[in-house]
Amino acid sequence: MEKTTMTFDMQEKGMQTELTFGNLDVSSDENHGFRPFQLMVASIVGCSGSVFRKILQKQRMTINDLTITAEVERNPDAANRIERINLLYTVKGHALNADKLHKNLALSRKHCPMIQSVQDSIHIEENLKVIDLSE
């Protein structure tokens with residue numbers, strides 16, 4: 001099992017950690033850092049999108065663009081808990097095979113560590129919109 005240690009220091013308006021890419025500020029006030037729920041959603045989207053892209057590259061499926069839109073539902077009666085994340089993957093390219101893209105998206109879900117980490121507590125729905133630029 002792999003272990004990673006991150007140290008967060010208290011700041012006046014939140015917490016901060018220093019990472020290889022730079023400092024990460026976390027705060028409930030988005031004027032002073034990223035809100036925790038934003039980081040959770042960004043982690044899920046970033047991981048899922050990266051895995052999806054790697055699978056497409058391995059299968060030599062060329063796309064022109066990938067955009068993922070996340071719609072987040074939070075429960076104000078349960079500490080504003082994230083209950084559901086609806087992800088819309090919009091893929092643009094020439095002569096795309098929609099069936100293959102759907103299969104690859106399902107495969108990426110299985111290999112995304114962030115989705116696998118929260119799948120029993122957050123309902124994550126994925127939809128795919130294919131835009132064929134050759135038409």
Side-chain angles (χ1 to χ4, degrees):
M1 193 172 292
E2 184 180 321
K3 276 189 176 181
T4 300
T5 300
M6 298 171 65
T7 301
F8 290 82
D9 295 312
M10 185 173 67
Q11 304 293 309
E12 184 178 338
K13 300 286 184 173
M15 302 296 293
Q16 184 180 75
T17 187
E18 187 176 329
L19 303 170
T20 305
F21 189 70
N23 289 337
L24 176 64
D25 293 299
V26 182
S27 175
S28 59
D29 180 346
E30 59 188 52
N31 292 312
H32 298 283
F34 295 101
R35 295 180 63 195
F37 93 91
Q38 293 169 326
L39 293 169
M40 173 73 79
V41 174
S43 295
I44 292 166
V45 170
C47 176
S48 176
S50 295
V51 172
F52 186 49
R53 182 178 50 184
K54 284 179 188 174
I55 291 170
L56 296 177
Q57 287 171 341
K58 282 183 180 180
Q59 293 189 359
R60 293 182 165 85
M61 288 186 73
T62 303
I63 62 171
N64 291 64
D65 190 37
L66 170 63
T67 303
I68 303 172
T69 303
E71 184 179 272
V72 183
E73 292 180 26
R74 299 172 69 194
N75 185 343
D77 297 328
N80 244 354
R81 165 190 153 87
I82 298 172
E83 298 283 344
R84 171 185 292 273
I85 302 173
N86 292 323
L87 301 174
L88 175 62
Y89 298 72
T90 302
V91 179
K92 295 179 184 175
H94 295 277
L96 296 173
N97 182 327
D99 288 338
K100 251 184 153 174
L101 287 168
H102 278 94
K103 288 177 185 173
N104 288 334
L105 184 57
L107 185 61
S108 71
R109 180 185 184 100
K110 292 179 184 176
H111 293 283
C112 172
M114 296 300 101
I115 289 179
Q116 293 302 310
S117 295
V118 301
Q119 70 179 354
D120 293 333
S121 57
I122 299 174
H123 178 79
I124 298 176
E125 184 177 317
E126 296 160 302
N127 292 291
L128 183 64
K129 179 179 179 182
V130 180
I131 298 175
D132 192 337
L133 300 173
S134 53
E135 294 178 352

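Scope of the values below: all heavy atoms of this structure, side chains included, with no hydrogens, waters or symmetry mates. The residues of the chain are indexed from 1 along the displayed sequence.
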All heavy atoms of P36 vs all of S27, minimum pair found to be CD-O, 3.8 Å
Does the side chain to side chain contact (heavy atoms under 4.5 Å, CB included) test come out yes or no for I82 and M40, once each step is laid out? CA-CA 9 Å; I82 298 172; M40 173 73 79; 3.8 Å; yes
To the nearest 0.5 Å, atom CG of L107 lies from atom SG of C112 at 11.5 Å
Fill in: Student check: side-chain heavy atoms of R84 and I122 closer than 4.5 Å
no
Nearest heavy-atom contact between I85 and A70 is CG2-CB, 4.3 Å
So side-chain hydrogen bond (donor to acceptor under 3.5 Å, both in side chains) across residues 5-15, not counting sequence neighbours, yields none
Are M10 and F34 connected in the hydrophobic side-chain network, where two residues link if heavy atoms are under 4.5 Å apart?
yes
- Is it possible for you to say whether V26 and V45 belong to one hydrophobic cluster, with membership spreading through side-chain heavy-atom contacts below 4.5 Å? no
So the side-chain hydrogen bond (donor to acceptor under 3.5 Å, both in side chains) pairs with at least one residue in residues 38-49 (sequence neighbours excluded) are E30-Q38, S48-Y89
Smallest heavy-atom separation, A95 atom then D132 atom, equals N-OD1, 3.1 Å
task = Could you check if a side-chain atom of E83 sits within less than 4.5 angstrom of a side-chain atom of V72, using non-hydrogen atoms only?
result = no
When you compare the side chain of I124 with that of L87, does any pair of heavy atoms fall below 4.5 Å?
yes
(Q) Can you confirm whether I131 sits close enough to T90 that some side-chain heavy atom of one is under 4.5 Å from a side-chain heavy atom of the other? (A) yes
Separation between CD (Q59) and CG (N97), nearest 0.5 Å, reads 9.5 Å
Residues R74 and F37: closest non-hydrogen pair is NH1-CD2, 3.1 Å
Here the gap from I55 atom CD1 to K100 atom NZ, rounded to the nearest 0.5 Å, amounts to 12.5 Å
Contacts of E71 meeting salt bridge (charged side-chain N to carboxylate O under 4.0 Å, His left out) (sequence neighbours excluded), chain-then-number -> none
For this session: State, with a plain yes or no, whether a side-chain heavy atom of N80 is found less than 4.5 Å away from one of N75.
Result: no
task = Spell out, yes or no, whether L66 and V41 are grouped together once hydrophobic residues are joined by side-chain heavy atoms under 4.5 Å, including indirect joins.
result = yes
The reported gap from CE in M61 to CG in N104 (rounded to nearest 0.5 angstrom) is 6.0 Å
Kindly indicate, with the supporting measurements, whether the criterion side chain to side chain contact (heavy atoms under 4.5 Å, CB included) is fulfilled by S108 and H111. CA-CA 5 Å; S108 71; H111 293 283; 5.9 Å; no
Next on the checklist: Does Q57, at its CD atom, have more than 12 non-hydrogen atoms belonging to other residues, nucleotides or ligands within less than 6.0 Å?
Outcome noted: yes
Run L24 and L39 through side chain to side chain contact (heavy atoms under 4.5 Å, CB included) and show every step you take. CA-CA 10 Å; L24 176 64; L39 293 169; 4.2 Å; yes
CD1 of I63 to CG of L133, rounded to nearest 0.5 Å, is 10.5 Å
On a heavy-atom basis, the closest approach of K92 and L96 is C-CD1, 3.8 Å
Is it the case that one hydrophobic cluster holds both V51 and V118, taking links as side-chain heavy atoms less than 4.5 Å apart, direct or via other members?
-> no
Rounded to the nearest 0.5 angstrom, the CG-NZ distance for L101 and K129 is 14.5 Å
Worksheet entry | side chain to side chain contact (heavy atoms under 4.5 Å, CB included) between R81 and S121, worked out | CA-CA 10 Å; R81 165 190 153 87; S121 57; 4.3 Å; yes
For V130 and A98, the nearest pair of non-hydrogen atoms, with its separation, is CG2-CB, 4.2 Å
Do the side chains of P113 and Q116 get nearer than 4.5 Å, heavy atoms only? no
Do NZ/NE/NH1/NH2 and the carboxylate oxygens of R109 and E126 come within less than 4.0 Å?
yes
